[in-house]
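Order of the sequence lines sets the chain letters (A, B, ...), proteins ahead of strands, with each chain counted from 1.
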Protein chains: 2
Amino acid sequence: MERKTKQKESIINILRQTTSHPDADWIYERVRQEIPNISLGTVYRNLKSLKESGQIQELNSMGEMSHFDGNAEPHYHFRCDCCGRIIDIEGPVDKTIEKRVARKTGFRVTRHSLEVGGLCLDCQRAQNQ
Amino acid sequence: MERKTKQKESIINILRQTTSHPDADWIYERVRQEIPNISLGTVYRNLKSLKESGQIQELNSMGEMSHFDGNAEPHYHFRCDCCGRIIDIEGPVDKTIEKRVARKTGFRVTRHSLEVGGLCLDCQRAQNQ
DNA sequence: TTATTTGCAAATCATTTGCCCGAAG
DNA sequence: CTTCGGGCAAATGATTTGCAAATAA
């Protein structure tokens, strides 16, 4: 099971080549340049299976539609409240957060995600004019 | 503007009386016990306005539908990957995260949200059987 | 061959909106 | 009064799904 298809290959390549955390529709338009008759449903199905196999991440917060991240390594995100862009934050992920919560609550903690928000550089500039 | 109505009163009271982070539909069913002919659209409209005025928080992540939190104070959340429950995590919010990101990136950082995930106590027990 | 994936279109599901009426200020 | 909020139903928009045909293994 888990067949290799040109559709899936193309989707993961596109995702690996961008750092822009695109949504399903953007990916669809991009793939269409290589496979013009691919359907949006196929894009969704492949995004789902790539996510389940841990090859990509799905981001989504505050009533926004899902965005996808070709970088499966854990890392934090910044979301600009003005332009909506999502930007990776460099720097190490603090695994001690999971330990602290586990100790305090007794829950088995296996993941955490941190999103910071505010204004990106471009939008700060735009605002000062 | 911002009128006081029995619909909005009822919704915020319900939200203040629970720690279960319900979704819009659960709230709708609850309010209906007090105001039987309220419409779901009204629930959504009021949740939106309560959120915009900062009286409640909206939570939503990973392709889940929105959940609402009557506690407007900043705090972190635990989401159980098995039963889907969202549980408040006590303990202080670390505002230095925002400062660190701001210093490193130059972005204006005004908020951050942290969600940890794993298995809650009940689901751990259920799994060991 | 034969099980999985695709394309297509229709279906779903949460959420939003238009419109007209009733109620708050 | 006059304007905002409510009820209802229809609209929207992202995502999922059913199905027959295509394709990877």
Side-chain angles (χ1 to χ4, degrees), chain A residues 1-15 20-70 79 84-86, chain B residues 1-15 20-70 79 84-86:
Chain A
M1 58 193 96
E2 264 296 299
R3 255 170 220 184
K4 179 161 77 169
T5 67
K6 63 173 192 281
Q7 288 85 349
K8 181 176 287 189
E9 296 275 276
S10 174
I11 289 171
I12 193 147
N13 283 339
I14 286 168
L15 236 17
S20 71
H21 309 88
D23 58 36
D25 218 66
W26 186 96
I27 297 165
Y28 172 57
E29 292 303 335
R30 241 358 280 303
V31 189
R32 226 131 75 93
Q33 293 168 19
E34 295 173 15
I35 308 170
N37 68 327
I38 193 175
S39 81
L40 184 54
T42 298
V43 172
Y44 274 106
R45 270 188 290 239
N46 278 305
L47 288 170
K48 187 177 190 181
S49 95
L50 288 167
K51 175 182 45 157
E52 282 166 359
S53 64
Q55 298 177 75
I56 65 172
Q57 275 191 270
E58 181 177 6
L59 316 177
N60 133 341
S61 117
M62 297 294 108
E64 297 288 323
M65 83 191 101
S66 285
H67 291 252
F68 297 88
D69 189 339
R79 187 184 298 257
R85 239 190 317 173
I86 301 169
Chain B
M1 54 194 100
E2 264 297 297
R3 258 172 219 183
K4 178 160 76 168
T5 67
K6 63 172 190 284
Q7 288 86 347
K8 180 175 290 193
E9 296 274 278
S10 175
I11 289 171
I12 193 150
N13 284 339
I14 286 168
L15 236 16
S20 70
H21 310 88
D23 58 36
D25 218 67
W26 186 97
I27 297 165
Y28 173 57
E29 292 303 335
R30 245 349 287 301
V31 189
R32 226 131 73 94
Q33 294 168 19
E34 296 174 15
I35 308 168
N37 67 327
I38 193 175
S39 79
L40 184 55
T42 298
V43 172
Y44 274 105
R45 268 188 289 243
N46 278 306
L47 287 171
K48 187 177 188 179
S49 97
L50 287 167
K51 174 182 47 158
E52 281 166 0
S53 65
Q55 299 178 75
I56 66 172
Q57 274 190 271
E58 182 178 7
L59 315 177
N60 132 343
S61 108
M62 297 295 108
E64 296 288 322
M65 80 191 103
S66 285
H67 291 252
F68 298 89
D69 189 340
R79 185 183 301 255
R85 240 188 319 171
I86 301 169

Specify the separation, in whole Å, of atom CG of Leu47(A) and atom C1' of dT5(C). 15 Å

Figure out the CG/P separation between Asn46(B) and dT17(C), and round it to whole Å. 15 Å

What is the separation between atom CD on Glu52(B) and atom P on dT15(C), rounded to the nearest whole Å? 15 Å

Interatomic distance where NZ belongs to Lys51(A) and C1' belongs to dT15(D) [whole Å]: 11 Å

Heavy-atom contacts, protein to nucleotides 16-25 of chain D, under 4.0 Å, summarised as B (base), S (sugar-phosphate only) or - (none) per nt, yield BBB----BBS

d(Ile27(A) CD1, Phe68(A) CZ) to nearest 0.5 Å is 6.0 Å

Steps toward side chain to side chain contact (heavy atoms under 4.5 Å, CB included) verdict (Ile12(B), Ile14(B)): CA-CA 5 Å; Ile12(B) 193 150; Ile14(B) 286 168; over 6 Å; no

Between Ser66(A) and dA14(D), is there a side-chain N or O to OP1/OP2 distance below 4.0 Å? no

Can you find a side chain N or O atom of Gln7(B) that sits less than 4.0 Å from OP1 or OP2 on dG7(D)? yes

Would you say the side-chain atoms of Thr42(B) and Gln7(B) include a donor-acceptor pair closer than 3.5 Å? no

Using a heavy-atom cut-off of 4.0 Å across all strands, would you classify Asp25(B) as base, sugar-phosphate, or nothing? nothing

May I ask you to decide whether Lys6(B) forms a salt bridge with Glu9(B), counting only side-chain N to carboxylate O separations under 4.0 Å? no

Measure CG/Leu50(A) against C1'/dT15(D) and give the value in whole Å, please. 16 Å

Pairwise side-chain contact, Arg30(B) with Trp26(B), heavy-atom cut-off 4.5 Å (strictly under): yes

Atom pair distance, as rounded to whole Å: CD1 in Ile35(B) and C1' in dA23(C): 14 Å

Rounded to whole Å, the CD-P distance (Glu9(B) to dG6(D)) equals 11 Å

Touch check for Asp23(A), heavy atoms < 4.0 angstrom, all strands: base, sugar-phosphate only, or nothing? nothing

Decide yes or no on side chain to side chain contact (heavy atoms under 4.5 Å, CB included) for Lys8(B) and Leu50(B), but give the supporting numbers first. CA-CA 8 Å; Lys8(B) 180 175 290 193; Leu50(B) 287 167; 4.1 Å; yes

Distance in angstrom units between Lys8(B) NZ and dG5(D) P, rounded: 6 Å

